[in-house]
Amino acid sequence: MVSVQLFSLKTLILLPSQISSSRHDFNRRLSLHSLPSSVIDSFRSRGTFRVQSQKKGDTESSTFNLNLPNDFKSKIHKSLHYKLVLGCIPLYVMSRIVQKIIHELPRHIQNAVGAGLPFACASNSLNKPSLGGIKWNLARFFFLFNIRLEKNVATSLVVLVIACLSFVVIGGILFFKFRKEDQSLEDCLWDAWACLVSADSHLEQKSRVEKFIGFVLAIWGILFYSQLLSTMTEQLRDNMQRLREGAQVQVIEADHIIICGINSHLPFILKQLNSYHQHAVRLGTATDSKQTLVLMSDTPRDEMDKIADEFNTDFKHIDILTKSCNLKMTKSFERAAASTARAIIILPTKSDGYQIDTEAFLSVLALQPIRRIESIPTIVEVSSSSMYELLKSISGMKVEPVENITSKLFVQCSRQKDLIKIYRHLLNYSKNVFNLSSFPNLAGMKYRQIRLGFQEVVVCGLLRDGKVNFHPKDDEKLMETDKVLFIAPLSWTQKQLLSKDIETENISVEDEVETSKQSRLQKIIKRSKMFLSKGSSDSVEGPRETILLLGWREDVVDMIEEFDNYLGPGSSLEILSDVSIEDRGRVSDSIGSGKIKNIQVSHQVGNPMNYDTLKETIMHMQTKYRKDEEAIPLSILVISDRESLLGDPSRADTQSAYSLLLAESICNKLGVNVQNLASEIVDSKLGKQITRIKPSLSYIAVEEVMSLVTAQVAGNSELNEVWKDILNAEGDEIYIKDIELYMKDGENPSFTELSERAWLRREVAIGYIKGGKKVINPVPKTEPISLEMTDSLIVISELEGDQPSTL
């Protein structure tokens, strides 16, 4: 018996009765030819019919056939509504499945949250009515999708591909369902794909249902490809933006130099590195024609590219890559290939000293987790000696802090007019520079043999155990671990003396040392008293001077302390600036704490670029000290604002140059005799133009000198100790001293003889100034030099001045 129940326009279910397992092949076709028309009419009216058939005498189930009449079948197949309903069945089933998943998903999530998963507080928001829960979950789904899409544009591409494949599969199944002719499912899928990719393919379909399905696929294909094109365009734009920012790009370089930060020191550092690599190429020691530099900063990439393009045009031996990133993140340095770099330079970008040191410390900490960082020198510009010691104490890293002592350097250069030129000479790779080299084959020789043996260089001292000694004893023996400090051109190769020449020099020195010493002592000036003691002794007083300082910044306190080390009691310093007295409180605190002993500091509030204000200040100072019987030298110094130096150095130079020229004009009109008129200038070209027009004026490019020191330390980190000692008032410094301290009138001594006389005064002679022209490391050194008594000798000494009293 077979029972069949047909539900109109919904489902068709065939329920077979008990069929024997031995009958594997049967056809379920029911013949309706024998049915009366009333039965069919009853089916049409009620929508259901039942047919029962049983053959008497048979114990097994027979094959039953249900054949619909031809007119009835034609009506069904020709009914468009019937076909559309059947075509929507797969979509209806899929929608029901999706609804079922969405309906059951909150319950499963809630159960999982209740089991102890994170974000347990989300269970309250999921506990909602059925319809509201579905809406909330759909909104949540689109919210998470938008977040993902915001983070990665490629998410939209993945969704489009999935939707495209889904429509191809659904369209292929529908084609396979409604086509009369026999066609494989594969061909139907390809036809669905053709309708999706080509809008006119649906016109090739035969039946109306197929055309309708093709039309839907064609519309979706147009939407799909437009969305695909926009997604790919947005993804490309996003990738290009990341490339322009450079934050996500991994640098694949080795032996490159990383520079972190942009400030006024950057142009001079790049110039120094370009010059160094240029000489390395000429000497054949360079591994590449250009030195790769990676410039990292939190500045927008567009601004960094403009700066890099300017420098790449001017400097032909460096190639600058830029990365806009966070300098406090380890990932930023990993992407810059810090583990394979030659050196890392960290520059300050803030004006406040505490901010400078804090950012430098955080950048160093970000470098610490990087592998092999302990072998890479990290040069960090800091503002205080305390931060210098703190960075040096970090283990596992080769940190070389460079203390920014522009204030102290400004004081030194303001007291000696040509000193800034000497510093620039010693920091120029195309000229004579400081070198540190080891000579293991000369171990055991006396320092005097080394000092007099090298005729093409000036031996300045020894580097032993990380400390520089400019004044070793002549009988001190050279150790294998020692390094000789000397001044020579960068192209000078390490030349070692022959043993025979050294023995000859040793014998002559031992025979002549006593007689030569007595003869030389009679021709030099003994260092009995000093005008400028640098605070080394309470019994020695410096000269009395008056200084007018135009401008203000935070390190003015350091300048005053440095002046106090050189000047004697009764000296005065007056500050003219538009900064309020309250903002200058640190100076008063320093004076009150007893740090300043020899200088009396006073303040004036006003704009140094205002003619009347500056004139009134100069007249006040002239009247104040006119009553003194002894003439007190007056110096007018102009400094730049720190904010202007970091932001726009050219603006700071313009203001400083204008104030300097204005002060010079006022002094000429008032007849005031000024010993020194100097200004801090960042751009050395502008400074040269000013001195060319007004020879009585001088400029001090302290920012350039500090930048060159940083770049030189990046090339050889051991030179950091050398420059730290030279630029510090407590150590040995470079001085320009009168030649009358070393020779008598009418003498023509050689430079070697002058060096020996300076050695008796505990000084190291490195050159001389003749007729206003400086000569450092003169060659040959044994030939006589015709010097006038107005000329000078350049020496490295602990003390600046001497009282000219002969022995």
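Without hydrogens or angle criteria, Asn435 side chain to Leu490 main chain gives no donor-acceptor distance under 3.5 Å. A donor-acceptor pair is defined here as one N or O able to donate and one able to accept, closer than 3.5 Å; no such pair exists between the side chain of Arg544 and the backbone of Pro569. Between the side chain of Gln675 and the backbone N or O of Pro633, no donor-acceptor pair lies under 3.5 Å. The closest donor-acceptor contact from the side chain of Asn404 to the backbone of Glu381 lies at 3.5 Å or more, if one exists at all. Remark: the backbone N or O of Ser717 is not paired with any side-chain donor or acceptor of Asn720 at under 3.5 angstrom. Side-chain N or O atoms of Thr358 include none that pairs as donor or acceptor with a backbone N or O of Gln355 at under 3.5 Å. Not a single donor-acceptor pair under 3.5 Å links the side chain of Asp465 to the backbone N or O of Lys467. Listed for the Ser571 side chain is no donor-acceptor partner under 3.5 Å among the backbone atoms of Leu567. Between the side chain of Asn432 and the main chain of Asn777, no donor-acceptor pair closer than 3.5 Å is present. Between the Glu704 side chain and the Asp683 main chain, no donor and acceptor come within less than 3.5 Å of each other.
The aromatic rings of Phe486 and Phe454 lie parallel to each other, their planes meeting at an angle below 30°, with 60° marking the opposite boundary.
Between Lys597 and Glu561 there is no salt bridge, since no side-chain nitrogen of the basic residue lies less than 4.0 Å from a carboxylate oxygen of the acidic one. With respect to the salt-bridge test (charged N to carboxylate O, under 4.0 angstrom), the residues Glu545 and Arg415 qualify. The residues Lys781 and Glu456 are annotated as not salt-bridged, no charged nitrogen and carboxylate oxygen being separated by less than 4.0 angstrom. The pair Glu756-Arg448 meets the salt-bridge criterion, since a charged nitrogen lies less than 4.0 angstrom from a carboxylate oxygen. Between Asp791 and Lys770 no salt bridge is recorded (no basic side-chain N to carboxylate O distance below 4.0 Å). Salt bridge annotation for Arg464-Glu476: present, with a cationic side-chain nitrogen under 4.0 angstrom from a carboxylate oxygen. We find that Asp555 and Arg553 are joined by a salt bridge, their nearest charged nitrogen and carboxylate oxygen being less than 4.0 Å apart. Note on Glu763 versus Arg757: no salt bridge recorded, every NZ/NE/NH1/NH2 to OD/OE distance being 4.0 Å or above.
Closest approach of Val380 to Ala360, counting heavy atoms only: CG1-CB, 3.5 Å. Residues Thr691 and Leu697 come closest through the heavy atom pair CG2-O, 3.4 Å. Nearest approach of Ile373 to Leu367, heavy atoms of both residues: CG1-O, 3.7 Å. For the residue pair Ser438 and Lys483, the shortest heavy atom distance occurs at CB-CG, 4.0 Å. Counting all heavy atoms, side chain and backbone alike, Thr349 lies closest to Glu359 at OG1-OE1, 3.4 Å. Summarising the geometry of Val433 relative to His425, their closest heavy-atom pair is CG1-O, 4.4 Å, with the distance given to 0.1 Å.
For the atom pair CG (Leu390) and CZ (Phe361), the distance works out to 5.0 Å, reported to the nearest 0.5 Å. One finds the CD1 atom of Ile422 at 3.5 Å from the CD1 atom of Ile794 (value rounded to the nearest 0.5 Å). Between the CE atom of Met479 and the CE atom of Met445 there is a distance of 16.0 Å, given to the nearest 0.5 Å. With rounding to the nearest 0.5 Å, the separation of NZ in Lys685 from CD in Gln689 is 9.5 Å. One distance of note links CG of Leu347 with OG of Ser707; it measures 8.0 Å at 0.5 Å rounding. The line from CG of Leu708 to CG of Leu426 is 11.0 Å long, rounded to the nearest 0.5 Å.
Every residue was checked against the side-chain hydrogen bond (donor to acceptor under 3.5 Å, both in side chains) condition with His279, not counting sequence neighbours, and none meets it. Looking at residues two or more places apart in sequence or on another chain, you find a ring pair (Phe, Tyr, Trp, His ring centres under 6.0 Å) between Tyr429 and Tyr276. Asp255 is linked by a side-chain hydrogen bond (donor to acceptor under 3.5 Å, both in side chains) to Arg342, counting only residues two or more places apart in sequence or in another chain.
Surrounding NZ of Lys688 are at most 12 heavy atoms belonging to other residues, nucleotides or ligands under 6.0 Å away. Within 6.0 Å of CD on Glu374 lie more than 12 heavy atoms contributed by other residues, nucleotides or ligands.
Looking at heavy atoms from C-beta onward, Ile726 lies out of side-chain contact with Asp732 at the 4.5 angstrom threshold. Between Leu270 and Ile259, some side-chain heavy-atom pair lies under the 4.5 Å cut-off. Looking at heavy atoms from C-beta onward, Val458 lies in side-chain contact with Cys460 at the 4.5 angstrom threshold. Counting heavy atoms from C-beta outward, Val484 and Leu478 have side chains that approach closer than 4.5 Å. When side chains are defined from C-beta on, Leu409 counts as touching Tyr423, because their heavy atoms get closer than 4.5 Å. In this structure, the side chains of Leu485 and Leu463 stay at 4.5 Å or more apart for every pair of heavy atoms. Put simply, the side chain of Ile639 reaches to within 4.5 Å of the side chain of Val556, judged on heavy atoms. The closest side-chain heavy-atom distance from Trp723 to Leu427 is below 4.5 Å.
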Go through the steps for Glu703 and His265 under the test side-chain hydrogen bond (donor to acceptor under 3.5 Å, both in side chains), then give the verdict.
CA-CA 6 Å; Glu703 294 290 333; His265 294 182; 2.4 Å; yes
Would you check, one step at a time, whether the test side-chain contact (heavy atoms from CB on, under 4.5 Å) holds for Ile776 with Lys431?
CA-CA 9 Å; Ile776 297 178; Lys431 300 179 181 179; over 6 Å; no
Evaluate Ser656 against Ser640 for side-chain hydrogen bond (donor to acceptor under 3.5 Å, both in side chains), listing each step before the verdict.
CA-CA 6 Å; Ser656 300; Ser640 301; 3.1 Å; yes
Stepwise side-chain contact (heavy atoms from CB on, under 4.5 Å) test for Val364 and Met397
CA-CA 9 Å; Val364 172; Met397 294 189 65; 3.8 Å; yes
Decide side-chain contact (heavy atoms from CB on, under 4.5 Å) for Met743 and Glu753; before the verdict, give the C-alpha distance in whole Å, the side-chain angles of both, and the deciding distance to 0.1 Å.
CA-CA 10 Å; Met743 58 175 285; Glu753 178 64 23; over 6 Å; no
Does the salt bridge (charged side-chain N to carboxylate O under 4.0 Å, His left out) test come out yes or no for Lys724 and Glu403, once each step is laid out?
CA-CA 8 Å; Lys724 182 176 180 293; Glu403 185 178 356; 5.6 Å; no
Check the pair Phe439 / Ser437 against side-chain contact (heavy atoms from CB on, under 4.5 Å), numbers first and verdict last.
CA-CA 7 Å; Phe439 299 92; Ser437 298; 4.0 Å; yes
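Ser383 and Asp357 share a side-chain donor-acceptor pair at under 3.5 Å.
Here Tyr742 and Tyr768 keep their ring centres 6.0 angstrom or further from each other.
For the pair Lys737 and Tyr735, the cation-pi test (distance below 6.0 Å, angle within 45°) is passed.
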